[in-house]
Amino acid sequence: MLQLMFITAMLLLLRFEEVLCITWSDVQFEYYQPRRRRIRLMLPFRKTHQYGGIVPFFLYENPEKPWMCPVRAWAAWWHHYGVSANPHDGMTADSFLECFRNNLLDISIDPRPYGTHSFCRGGCQYLAMVLRWPLRQICTWGGWAENFDNPGTIFKYLLSWTDAPQLQREDYFNPERAGSDPCTACGRTCTCA
């Protein structure tokens, strides 16, 4: 259950309180091509859209990263636990936070800096740095692009005091510096990839 919530919160840029409000009536399994599945999530509430008007999120299978595949995670939850008829059977925000922080302790990470926005932050960084989405696309996906009245939102998610620098300052313009990890889309390893 935690993995499903972690994946969903990170990919949809949700606070964990928003993930905890998702019910089965918000989730639809669909075929978008023969034998190709996706999930449509229609969230009834978000901090950024408190009165509705939330466009659906579409999540697709990810066979290259099965540990992060939202379709696989939702299908596993459905298979193992089915649909709960009682909306009060869900996990509380306090329980979720305790489990999340215990998971961090399990891998020797200090949990104190992490809280409700950790998955928004991690999701933004994943979309920008791993999937290399443009900032406008991240803002649109996260529901922050309507009028750009709060440009600081994305920057506080992309840059955090808990992040370790990826490059020494002396190497910023160093033409001899090592290439980066291969781009997942094009395979380039140059520093601009």
Side-chain angles (χ1 to χ4, degrees), residues 1-23 26-27 39 41 43 46-47 57 59-81 84 89-133 135 137-138 141-144 152-169 171-172 177-185 187 189 191 193:
M1 177 168 134
L2 286 174
Q3 182 179 8
L4 168 63
M5 290 190 287
F6 292 168
I7 292 169
T8 303
M10 188 174 135
L11 295 180
L12 273 55
L13 308 178
L14 301 175
R15 295 175 308 123
F16 69 77
E17 292 95 339
E18 294 169 326
V19 172
L20 292 171
C21 291
I22 296 173
T23 64
D26 306 325
V27 181
I39 292 176
L41 280 165
L43 303 182
R46 286 200 68 189
K47 180 181 175 186
F57 288 94
L59 296 172
Y60 294 81
E61 292 177 289
N62 189 348
E64 290 82 30
K65 295 180 182 172
W67 63 91
M68 276 189 62
C69 178
V71 174
R72 187 177 294 211
W74 278 99
W77 180 255
W78 177 276
H79 176 74
H80 290 296
Y81 301 102
S84 171
D89 286 345
M91 180 180 265
T92 66
D94 289 338
S95 299
F96 180 90
L97 186 58
E98 181 180 352
C99 290
F100 174 49
R101 289 184 170 161
N102 285 334
N103 285 170
L104 291 170
L105 286 171
D106 289 343
I107 56 173
S108 301
I109 294 178
D110 180 5
R112 289 176 293 182
Y114 300 93
T116 63
H117 289 269
S118 296
F119 294 98
C120 293
R121 210 170 261 123
C124 274
Q125 292 178 5
Y126 173 74
L127 297 176
M129 299 170 77
V130 177
L131 298 184
R132 300 181 193 274
W133 281 19
L135 292 180
Q137 187 173 337
I138 295 169
W141 180 251
W144 310 315
T153 299
I154 191 161
F155 292 108
K156 75 178 179 183
Y157 293 152
L158 290 174
L159 304 172
S160 171
W161 66 271
T162 59
D163 298 332
Q166 295 182 337
L167 188 64
Q168 296 295 319
R169 185 169 178 81
D171 289 328
Y172 284 176
R177 78 175 187 210
S180 64
D181 291 335
C183 172
T184 57
T189 59
T191 56

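- For the pair T8 and F119, the minimum side-chain heavy-atom distance is 4.5 Å or more.
- Put simply, CG on D106 and CZ on R101 are 14.5 Å apart, with the number rounded to the nearest 0.5 Å.
- When ring centroids are compared, F6 and F96 come within the 6.0 Å threshold.
- The two atoms that bring C124 and L13 nearest to each other are N-CD2, 3.3 Å, heavy atoms only.
- Taking NZ of K65 as the reference point, atom CZ of R72 lies at 14.0 Å (rounded to 0.5 Å).
- With rounding to the nearest 0.5 Å, the separation of CZ in F57 from CG in L43 is 5.5 Å.
- Looking at L127 and Q137, their side chains never come closer than 4.5 Å, going by heavy atoms from C-beta outward.
- Here the closest non-hydrogen pair linking M68 and I7 is O-CG2, 3.7 Å.
- F16 has its side chain out of reach of F100: every pair of non-hydrogen atoms, C-beta onward, lies at least 4.5 Å apart.
- Once rounded to the nearest 0.5 Å, the distance linking CG of L20 with OG1 of T92 reads 7.5 Å.
- Side-chain contact between L104 and D110 is absent, with no heavy-atom pair separated by less than 4.5 Å.
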Inset, instruction - Walk me through it: do Y114 and I109 pass the test side chain to side chain contact (heavy atoms under 4.5 Å, CB included)? - result: CA-CA 10 Å; Y114 300 93; I109 294 178; 3.8 Å; yes
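- Heavy atoms only, all atoms of each residue included: S118 and G115 are closest at OG-N, 2.9 Å.
- Residues L41 and W74 are in side-chain contact: their nearest non-hydrogen atoms beyond the backbone lie under 4.5 Å apart.
- Considering all non-hydrogen atoms of both residues, L158 and A128 come closest at CD2-CB, 3.7 Å.
- Atom CD in E64 sits 9.5 Å away from atom SG in C69 (nearest 0.5 Å).
- Looking only at side-chain heavy atoms (C-beta outward), L59 and L12 come within less than 4.5 Å of each other.
- Note that CE of M5 and CD of E18 are 14.0 Å apart. Values are rounded to the nearest 0.5 Å.
- Side chains of V71 and Y60 form no contact here, defined as non-hydrogen atoms less than 4.5 Å apart.
- Here the shortest heavy-atom pairing between W67 and Q3 reads O-NE2, 2.7 Å.
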